[in-house]
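Have a look at the structure below before the remarks.
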Amino acid sequence: MAQTNKKQNKQKQSLTPAQRAERVRAAQERERRAKEKAEAAARTKKIFTIVICVILVLALGIPTMALTVLSL
């Protein structure tokens with residue numbers, strides 16, 4: 001039993017160059033996807049902030065202009 005585990009561990013540790021290349025490729029792909037996801041989140045946050053600012057400007061500006069026009 002102990003020797004079987006040792007053989008399995010040794011097989012896991014010794015990777016062929018093709019397997020190493022595949023793991024490197026997979027890691028790069030995960031990194032690229034994570035970067036794209038972070039960029040998309042940042043873009044969404046910026047858009048949300050701009051929309052909220054526009055809503056606040058309109059919510060404060062329209063009543064102010066209405067009071068200005070009606071007070072004349």
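This is a predicted model, so every value here is computed, not measured.
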> Applying the side-chain contact (heavy atoms from CB on, under 4.5 Å) test to K35, which of K37, E39, R33 qualifies?
Replying inline: E39
>> Tell me every residue that passes side-chain hydrogen bond (donor to acceptor under 3.5 Å, both in side chains) with R32, counting only those two or more places apart in sequence or in another chain.
In response: E29, E36
> Can you list the other members of the hydrophobic cluster that holds V51, where links are side-chain heavy atoms under 4.5 angstrom apart?
Replying inline: I47, I55
>> Please report the interatomic distance CE(M65) to CG(L58), rounded to the nearest 0.5 Å.
In response: 12.5 Å
>> For residues L67 and L60: do they belong to one hydrophobic cluster (side chain heavy atoms under 4.5 Å, members Ile, Leu, Val, Met, Phe, Trp, Tyr)?
In response: no
